[in-house]
Every structure is written in structure tokens, then in C-alpha cells.
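Whatever order the structure lists ligands and atoms in, that order sets their numbers, starting from 1. Quick note: residue numbers are just sequence positions, from 1. For the numbers below, each heavy atom of this structure counts, side chains included, while hydrogens, waters and symmetry mates do not.
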Amino acid sequence: MDSYTQKMNFFGNTDPEELVTKYGSPLFVYNEDILRRQMRRVAGLLPNHRFTSNFSIKTNSNLSILKIAYEEGLNADAMSPGEIYALKKAGFPSERIFYVSNNVSEDEMQYAIDEGVIVSVDSLSQLEMFGRLNRGGKLSVRINPGVGAGHHDKVVTAGKKTKFGVAAQDIEKIRDVAAKYDLHIIGLNQHIGSLFMDYKPFLEACRNFLHYAEEFDELEFLDFGGGFGTPYHKLADEQEFDIETFKKELDALLTEWKKTSGRDVLFKTEPGRYIVAEGGVLLGKVHSVKENYGHKYVGTDIGMNVLMRPELYDSWHDVEIYREGKPVTEGEREVYSVVGNICESGDIVAKDRELPVTHEHDVVCILDAGAYGFSMSSNYNNRLRPAEVLIHSDGSDSLIRRRETLEDLMRCFDI
Ligand SMILES: *Cc1c(COP(=O)(O)O)cnc(C)c1O
């Protein structure tokens, strides 16, 4: 029986055991073909319209992956000056970057303005700030339509109880502030939440969003946001986000809108996870297997500093076990919690999972770790952030970010 990663030939010419021997453990491994496949799917979302897809780089800001996104024709969303900086380093020109700002300082806003990046403001007070800094400038405003969607409260990013965007009922006020500073509102954006597998609420949000567009005369673009889901339960045959049907329905909606409103703008989306989650896995090593009061634990080097999602959102990641380079898919199974090496009881990557009987030195492969994986990792417990490796289309592998060293931990101290 093949494992998922084997079926996908995820590791190319090598196997996970060789990879961790060569590059160390834990290790983020990306598959270039899968990344490009996902990028092409989003880039080709609306062939009948003026359209660009942005890649939300908070999901994965590895420079090599950003360069691939650039090659595939994606634009990019930045959420901070650091992300703008990284995008520039990866070769993105300003006009292909969109800064979705949230509660930023004047310095940060000024940085984006100086870099020539279009900014989206997130409140009336930040609209005022933009006006003071850049009278007569062009910008986008993030609208909070009052409804959201997502897999967990923490990732619902629109709705009456979230901090994001300008409430739709304040559209009149947006126009007043813009007039006060001679601002040109050339874009409207929204992002209702993250990880929905059913496109219908998103499509409804797009339909609703189009009405706001009609309130602004100078609009050049409309950005519908991201959030397209990833099947994290793929080993239980969870189906992919149905991008083909979504594509047809969105196309029909926009065609109809252009006809009835007489408007034509550039449409944008800004997915992140959908683009990179499945193209990345996280490898780690089993250092101990034990039983405490009837519960079995697989103790690994995959701490919550390396993969934050299970701790932060109770997220599910499928797990595969490799032994001597081969996936263990047959034989006896046991229920284990796969845990890390951090001094926190919440340091659990996968809770109560039925897995093959696992031994020390086995390699644990955490699936769908390409989004919000490395980018959320930290040095908690003074652990080193892992290396990242890319498996190329020809099956070869290369290091795309070196592992941190103990010296890196001292970088900011004057000693
Ligand atoms: C996080 C975020 C995205 C991307 O969300 P995904 O669920 O990863 O697609 C897009 N736009 C904004 C404004 C975001 O904050």
C-alpha cells in the first residue's frame, strides 16, 4: 500500500530518511511541482476577465518560493514592512505588491508609500493617517461586510465581532475622509476568513461586495480576498476545494455584474494556504516512545515552535510514519499522541492518532505543512528554526533556507 507522499512522489529521487540525514531534523520539505500546480490553478481562476491573483505571503515567505510565485505570474499581498522587504528581495516590483495594513504606525505606512506600494487601509482613522501622509494619493480600503467564514473563530476575519476593515455602513464616511485629503480610492478589498472548503459563502460574499463597488467612481480593482481551503484530512479521503465549479460560478457572477453595472475593473483574489499548504511537509525524528497512565506518546523533535497550528487552532495535520526510507503502511497499529520537545503540555502535534506501531529513529512526516508552518515558527525554548528544502521537478533536492545555529540566537545581543 502506498502512502500519500509516495503516491505524489513528494520526495523525488530521495527519501525522507536521506533528507533528514543530509539536512538535519526537523526539516520543512517542499515539492516544486505541487507548488506550481496550485499557483497555476489560482493564476488561471478568471481567464475571461482582467484578473491577477495575489499570493498572501504570510503563509510562506521563503525567498525561493516567492521567486517561484513571481515566475508563475502571481502578485503578492504583504501584511507588514518586513513582508514588503522580502518581496522586493525576491524580485517583485512595487506594482505587484499590495500592502494589506492593519493598525500600522505612521512610519510603517510611510515605508509602504515610499516603496510605491499600494496600501489598503483598515479603518477610518488609518484612512485619515494615510491622507495626512500622502494627500492626493491612491489607495484601497478594506471593507468588513459584517459576515465572515472560516474553520476556527481565530481565522474568521470579517463579521460584526472582528477587528478588520471598515464597516460597510461607513461607506459614506470613507468618501468624506477621502474628499478631505483629495484621496483616490482605486481599490476595495475584503477577506472574510480562512480555510473554507465550500465556496458558496465566499461567492455570496463576492456578490455582496460588488454592491459596494458601485459606490465608488474611481475604482480600478476589486480584491475578493483569500481563504480557499486545503483538505487536511486527505488520508480520510477529504475532497479538494472545488476550484473548477467555483471558477465557473464566479465567472458567471462577474460577467453578469459587468453587464448590469456597466463597470469593468481588475479583479483580484489573495489566497495563501491554497497555494502552499499541500506543497510542504514537515519531517521530524522519533526520539522516544512511551506510555504514561495508559496513554501512548511518540516523542519527536517537532515542537510547537516548529509547527504552531495544532496548538493555536486545534488544527489537524495528517501523519505518516517512515522507517528506513519507506512508509510504514501495514502491520499493527496503536493510538498515540505525537508530541514535541517543548516544555508545554500543549506541545502536541497530533492527538490520539491511530498510527503504525512506532519506534525510535522512525521519521514522522506531517502533511500539509507548507502554509503557516515555517512562517509561524519561533525560537521558543531557544530552539533553532529548521532548514527548508525544495524538491525540484527533476527529483533533485536543494537547501532553500539553512537551519539556524546557536550563534543566530545571540544575533540581537551586544555581547
Ligand atoms: C491571511 C490572509 C489571506 C490569506 O488567507 P488564506 O486563508 O491563507 O488564503 C488573504 N488576505 C488577508 C487580508 C489575510 O489576512
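Here the rule is side-chain contact (heavy atoms from CB on, under 4.5 Å) with Lys258, and of Leu210, Asn48, Asp264 only Asp264 fits it.
Residues Glu249 and Tyr199 meet the side-chain proximity criterion, which asks for heavy atoms closer than 4.5 Å.
Within 4.0 Å of ligand 1, protein heavy atoms come from Ser56, Lys58, Thr59, Asp77, Met79, Val100, Arg142, His191, Ser194, Gly226, Gly227, Glu270, Pro271, Gly272, Arg273, Tyr372.
Sorted by first and then second residue, the pairs that involve residues 86-98 and meet salt bridge (Lys or Arg N to Asp or Glu O under 4.0 Å), not counting sequence neighbours, are Lys88-Glu115. Listed by first then second residue, pairs satisfying salt bridge (Lys or Arg N to Asp or Glu O under 4.0 Å) with a partner in residues 54-78 read Arg36-Glu71, Arg36-Glu72, Arg40-Glu72, not counting sequence neighbours.
Phe92 is linked by a ring pair (Phe, Tyr, Trp, His ring centres under 6.0 Å) to Tyr70, counting only residues two or more places apart in sequence or in another chain.
Judged by a 6.0 Å distance limit and a 45° cone about the ring axis, Lys296 is not positioned over the six-membered ring of Tyr336.
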